[in-house]
Amino acid sequence: MADVKKIATRQSYGESLRDLAEQYPNLVVLDADLSNATKTGTFKKAYPDRFINCGIAEANMMSIAAGLSTTGLIPFASTFAMFASGRAYEQVRNSIGYPHLNVKIGATHAGISVGEDGASHQCLEDLALMRMIPGMVVMCPADDTEARMAIKAALDYVGPVYIRFGRAAVPVVFDENYKFEIGKGAILREGTDVTIVANGLCVASALEAADKLAADGISAEVINICTIKPLDDDLIVASAKKTGKVVTAEEHSIIGGLGGAVAECLAEKCPTPMYRIGVRDRFGESGPAAELLHKYMLDGEGVYRQVKEFVTK
Amino acid sequence: MNNKELMKHANEVRKMIIIGTHSAKAGHPGGSLSAADIFTFLYFEEMNIDPQDPANPDRDRFVLSKGHTAPGLYGAMAERGYFSKDEIPTLRHTGARLQGHPSMQYLPGIDMSSGSLGQGISAACGMALGAKLQNKDFRVYTLLGDGELEEGQVWEAAMFAGAKKLDNLVVIVDNNNLQIDGPISEVNNPYPIDKKFEAFNFHVININGNDFDEIRAAMKEARATKGMPTCIVAKTLKGKGVSFMENQVAWHGVAPNDEQFEIAMKDLERIGEEIG
């Protein structure tokens, strides 16, 4: 994997906002004193008049974004996932979700790959929280290519959208021929013995795991689900019918995120033996991102071992 | 519009507050009645609005940050012609457009859904900033309860409004001195209100919020204020106009029963006759 290009999706976020600004003159970007970390500083540098620093006040920022959107602007409100979905949850629900306003939330530094900052900043619950808000589109792009496409799709979509980005550089999985659509998953690798449904940085882990599984004679189908809500039920059900076994892999709590969404879908439409790979109902901890991903078995090796155990038990 | 006409409209708004909450058997008459004169002034004299064109992008905006006093807002909107007064008794009924707290998804003319305290003032800041970013000259008004000032988000918004010099924003505090658990100074004292907003770089005006001359003068002063937002601290009487509700904390969030409804309507009929 040494020669694979790696880019943090937060980097893609900042650059995309800058690159799309001309095409979307109503786009404005808000941040809460983290523009250097969220990379909205890239936008701010190019379009200072369309950048609004709200200071360290995330709750206020979300309701400000709501007000801005009612005047015809398209605000992208940015902060860490912890504060966007956690601290400002009720503002997102009541100021943005309930009136179904055209606000986009760019949440960076999600998951344990935040690394050294530790559990207080490693949000593992955001997908669950945001998924529960009626009408909210929730996305978790896998790489630079998908992140850029998801941001553009969010700007074209009218309504509230939550997009999750990561701090750590992750392998580029998709090339520019990749076709992105909100609510549509993608089969990245066909297989017959087990389906691995992944998002975010776990997509690269799942592809690596599928290679290792193939060497053991296990044929894994890998599905990328960037849009957790609305979920591509048809794609997941079809694959579950084909392989008869489903594993989810995500940098999130196993409760309520991708694993939760897929479990809900399959329980109603196609009950299938399942295993959820993720953080198992505990808080994260400090450490370098790569070491934490290894410890919590979210890297290629970890996903491989868990899928193999599930398939062969 | 002269004060006599405004007083007549305000009295009709007060009747609708009583009719709505009585019909709903729920709701918040006390703070709706205290702010009825402010609602009336905004919708009949101050704001550049057209009930026939409620989504006009250049209209002035109103955000009821103290969303529980929706009966007062609905009364003013019906009186102004946004919808028929016949709809007032549907307040809080299943399927009604007149939700317990204002919802822009349900009722055209509501500029922002509100109800969770502290969020409306922030949304109003966003609207005011939106006007400035797009070089539009519409103004934004938001009404807060004095108890609402205990929400931390109010001060996040106040800091933002002052810092961004939102001089197209008017924050009105309905200072009726009572919140659901008692006098605001006993629950968690937000006084001095004026000095707090001054410290956040607002131009502050103290008025009697049940006096149209004072409301008018304050709004005029707000329009003339450049480079900073205005806060109007409006001293009001909770439950104003209904004898047994005036200055009674018990009427914060309780609806009148049939007998109380009759007395309240008689009180307001009498006031209407006195106005002439």
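Letters A, B, ... mirror the listed sequences (proteins, then strands); counts begin at 1.
B:Arg61 approaches A:Thr71 most closely through the heavy-atom pair NH2-CA, 4.1 Å. Of all heavy-atom pairs between B:Ser122 and A:Asn60, the closest is OG-OD1, 2.6 Å. Taking every heavy atom of both residues into account, A:Glu58 and B:Glu156 meet most closely at N-OE1, 4.4 Å. B:Ser116 and A:Asn94 make their closest contact through CB-ND2, 3.6 Å (heavy atoms, listed as atom of the first residue, atom of the second, distance). The minimum heavy-atom distance between B:Gln153 and A:Ser63, with the atom names listed, is NE2-OG, 3.0 Å.
No more than 12 heavy atoms of other residues, nucleotides or ligands lie within 6.0 Å of CG in A:Asn36, so this atom counts as exposed by the packing criterion. A:Asp281 CG: 12 or fewer foreign heavy atoms inside a 6.0 Å radius. For B:Tyr191, the OH atom sits in a packed shell: over 12 heavy atoms of surrounding residues, nucleotides or ligands are nearer than 6.0 Å. Within a 6.0 Å sphere centred on OH of B:Tyr106, other residues, nucleotides and ligands contribute 12 heavy atoms or fewer. Surrounding NZ of B:Lys226 are more than 12 heavy atoms belonging to other residues, nucleotides or ligands, all under 6.0 Å away. Around CZ of A:Arg93, the count of heavy atoms belonging to other residues, nucleotides or ligands within 6.0 Å does not exceed 12. The number of heavy atoms from other shown groups lying within 6.0 Å of CG (B:Asp58) is above 12. Counting non-hydrogen atoms of other residues, nucleotides and ligands closer than 6.0 Å to CZ of A:Arg87 gives a total of 12 or fewer.
Counting heavy-atom pairs under 4.5 Å between each of A:Asp49, A:Leu73, A:Asn26, A:Ile56 and chain B puts A:Leu73 at the top. Put simply, of A:Leu30, A:Val28, A:Leu101, A:Ile64, the one with the most heavy-atom pairs under 4.5 Å next to chain B is A:Ile64. Ranked by heavy-atom pairs under 4.5 Å with chain A, the list B:Pro57, B:Ala163, B:Ser113, B:Ala124 is led by B:Ser113. Ranked by heavy-atom pairs under 4.5 Å with chain A, the first of B:Met104, B:Lys164, B:Gln134 is B:Gln134. Taking chain A as the reference chain and counting heavy-atom pairs below 4.5 Å, the highest number among B:Cys125, B:Ser114, B:Ala157, B:Gly120 is found for B:Ala157. Each of A:Ser69, A:Ser95, A:Ala66 has some count of heavy-atom pairs under 4.5 Å with chain B, and the biggest count is that of A:Ser95.
For the atom pair CD (B:Gln119) and CE (A:Met62), the distance works out to 11.5 Å, reported to the nearest 0.5 Å.
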>> Using the rule given for side-chain contact (heavy atoms from CB on, under 4.5 Å), can you reason through A:Ile52 versus B:Leu133, listing the C-alpha separation, both sets of side-chain angles and the distance that settles it, and then say yes or no?
In response: CA-CA 10 Å; A:Ile52 302 145; B:Leu133 290 172; 3.9 Å; yes
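Heavy-atom distances place no part of B:Lys136 under 4.5 Å from chain A, backbone and side chain included.
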